[in-house]
Amino acid sequence: MRLRRTTLLVLAALLVNPGDATISDEARRVHGITDEMLADARPFEKILPRLRKVTRDRTILAYNAEFDRTVVLGDIKRAGKRPMHLEPESSWHCLMQMRTDWLDAYRWPKLGGSHRALGDCESTRQVLIEMSKGRGAVFEPRPPAPGAPET
């Protein structure tokens, strides 16, 4: 497990050269990454084998799974590669929707973080840890009342 987590963190910290695509003004405002920063980065097709390896036989948990899946599949298509297990929606699970349901919220709660992959991964991990602890109340069933039918 330690190796897989370390590999995922390394992948999350990597910058990827998008080839002939450019960073939009909106994306640059959100995460601060410029085209110049990506010029010497590795191309996606060089990172894809490692991504496939660390996600094989796993559920991919993302804070906004629909967005992240769309980006990954777009990058795979641009690279001319096959998506394999990264394509099915069933391979992905949306922690943002899980958290919304867990909070009984009417809209998606913001993640916080830096909007850079590594910061978002750490923020997502913290959300998962928070949810795994429950809401602080421990359920203790009451004994049935005398004469009540058994459940």
Side-chain angles (χ1 to χ4, degrees), residues 1-140:
M1 182 60 168
R2 182 79 178 143
L3 176 62
R4 188 172 301 264
R5 180 168 182 254
T6 301
T7 302
L8 287 172
L9 290 175
V10 167
L11 285 172
L14 289 176
L15 291 176
V16 178
N17 187 320
D20 58 359
T22 58
I23 304 295
S24 71
D25 290 339
E26 180 182 353
R28 190 172 27 260
R29 277 192 302 274
V30 169
H31 54 58
I33 298 172
T34 65
D35 293 321
E36 294 76 24
M37 294 167 69
L38 303 178
D40 295 327
R42 295 177 70 191
F44 181 76
E45 57 267 17
K46 298 288 185 185
I47 294 165
L48 180 59
R50 192 90 183 258
L51 178 62
R52 284 181 177 147
K53 183 177 181 179
V54 299
T55 58
R56 185 179 306 122
D57 299 323
R58 303 277 186 210
T59 299
I60 302 162
L61 187 62
Y63 197 73
N64 185 345
E66 182 179 345
F67 175 82
D68 290 344
R69 179 177 171 268
T70 299
V71 169
V72 168
L73 293 178
D75 289 343
I76 291 170
K77 183 177 181 179
R78 260 192 311 285
K81 303 293 183 181
R82 294 181 313 137
M84 299 167 62
H85 67 275
L86 297 168
E87 183 171 27
E89 285 185 37
S90 61
S91 294
W92 295 77
H93 193 77
C94 186
L95 185 60
M96 182 169 60
Q97 186 61 57
M98 260 176 61
R99 186 180 188 200
T100 302
D101 296 342
W102 185 73
L103 292 170
D104 198 23
Y106 64 95
R107 51 194 266 190
W108 289 336
K110 291 186 180 203
L111 179 60
S114 64
H115 286 295
R116 295 284 293 265
L118 185 57
D120 285 356
C121 283
E122 183 55 34
S123 294
T124 300
R125 180 176 170 272
Q126 291 304 319
V127 167
L128 187 58
I129 290 169
E130 173 193 350
M131 290 174 58
S132 72
K133 292 179 181 176
R135 293 195 175 126
V138 177
F139 175 73
E140 293 186 30

Going from CH2 on Trp92 to CG on Leu61, what distance comes out if it is rounded to the nearest 0.5 angstrom? 10.5 Å
Hey, does the side chain of Ser132 reach the backbone of Ile129 with a donor-acceptor pair shorter than 3.5 angstrom? yes
Minimum side-chain heavy-atom gap His93-Leu95 below 4.5 Å: no
Are the side chains of Ile23 and Thr34 in contact, using a 4.5 Å heavy-atom criterion? no
Rounded to the nearest 0.5 Å, what separation is found between the NE2 atom of His31 and the CG atom of Leu15? 9.5 Å
Write down the atom of Ser24, the atom of Ala27, and the distance for their closest heavy-atom approach. OG-N, 3.1 Å
From Arg58 atom CZ to His85 atom NE2, the distance as rounded to the nearest 0.5 Å: 10.5 Å
Can you confirm whether more than 12 heavy atoms, excluding those of Arg28, are under 6.0 Å from its CZ atom? yes
Counting C-beta onward and ignoring hydrogens, is there a side-chain heavy-atom pair between Arg69 and Val72 closer than 4.5 Å? no
Please report the shortest heavy-atom distance between Ile76 and Arg82, naming the atom on each side. CG2-C, 3.8 Å
Electrostatic pair Glu122-Arg125, nearest N-O below 4.0 angstrom: yes
Distance, nearest 0.5 Å, that separates OG of Ser91 from CG of Asp57: 9.5 Å
All heavy atoms of Leu73 vs all of Pro83, minimum pair found to be CD2-CB, 3.7 Å
Within the distance-only criterion (no hydrogens, no angle test), does the side chain of Asn17 pair as donor or acceptor with the backbone N or O of Ala39 below 3.5 angstrom? yes
For the CG atom of Asp68 and the CG atom of Leu86, what is their distance to the nearest 0.5 Å? 12.0 Å
Decide yes or no for Tyr63 and Arg99: does some side-chain heavy atom of the first lie under 4.5 Å from some side-chain heavy atom of the second? yes
Within 6.0 Å of CG in Asp101, more than 12 heavy atoms from elsewhere: yes
Quick one: pull up OG1 in Thr55 and CZ in Arg50 and give me the separation to the nearest 0.5 Å. 12.0 Å
Do other residues, nucleotides or ligands put more than 12 heavy atoms under 6.0 Å from the CD atom of Gln97? yes
